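Each remark here refers to the structure printed beneath this line.
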Amino acid sequence: MWGMTFRLSRQQYRQLVDWAYDAGNEECCGLILDDGAGMKLCLAPNVAAEPRAHFEIDPRLLIDAERAARAG
């Protein structure tokens, strides 16, 4: 098994907590990306059929993020 360690700033941590709070009773989705200069947080809409029980990120958003990562 492997793991990854990364550090978020206090501002980024607060942003994650705020997003989760704003989601209310629904699952909160987002991406944590490394843009080479540090971690970048991207809120992603939860497109799950039942957002109170499941989370799902729009596949198009995931594909776009992967393409951007490959492009550098």
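These numbers were taken from a predicted model, which means no experiment stands behind them.
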Practice problem: Determine, step by step, whether Arg67 and Ile63 satisfy the side-chain contact (heavy atoms from CB on, under 4.5 Å) criterion, reporting the C-alpha distance in whole Å, the side-chain angles of both residues, the deciding distance to 0.1 Å, and the verdict. | Solution: CA-CA 6 Å; Arg67 284 186 178 148; Ile63 291 168; 3.8 Å; yes
Practice problem: With side-chain contact (heavy atoms from CB on, under 4.5 Å) as the test, would you mind laying out the steps for Leu62 and Leu31 before giving the verdict? | Solution: CA-CA 9 Å; Leu62 292 172; Leu31 300 171; 3.7 Å; yes
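Closest approach of Leu41 and Leu8 over heavy atoms only: CD2-CD2, 4.1 Å. What you find for Ile32 and Met39 is that their closest heavy atoms are CG2-SD, 3.8 Å. The shortest heavy-atom contact between Cys29 and Pro45 is CB-O, 4.3 Å.
The backbone N or O of Ser9 sits less than 3.5 Å from a side-chain atom of Gln12, completing a donor-acceptor pair. Judged by distance alone, with hydrogens and angles left aside, the side-chain atoms of Asn46 form a donor-acceptor pair with the main-chain N or O of His54 at under 3.5 Å.
In terms of hydrophobic clustering, with Ile, Leu, Val, Met, Phe, Trp and Tyr side chains grouped at heavy-atom distances under 4.5 Å, Ile57 and Leu33 are assigned to a common cluster. In terms of hydrophobic clustering, with Ile, Leu, Val, Met, Phe, Trp and Tyr side chains grouped at heavy-atom distances under 4.5 Å, Leu43 and Leu16 are assigned to a common cluster.
Applying the salt bridge (charged side-chain N to carboxylate O under 4.0 Å, His left out) criterion to Arg14, with sequence neighbours excluded, gives Asp18.
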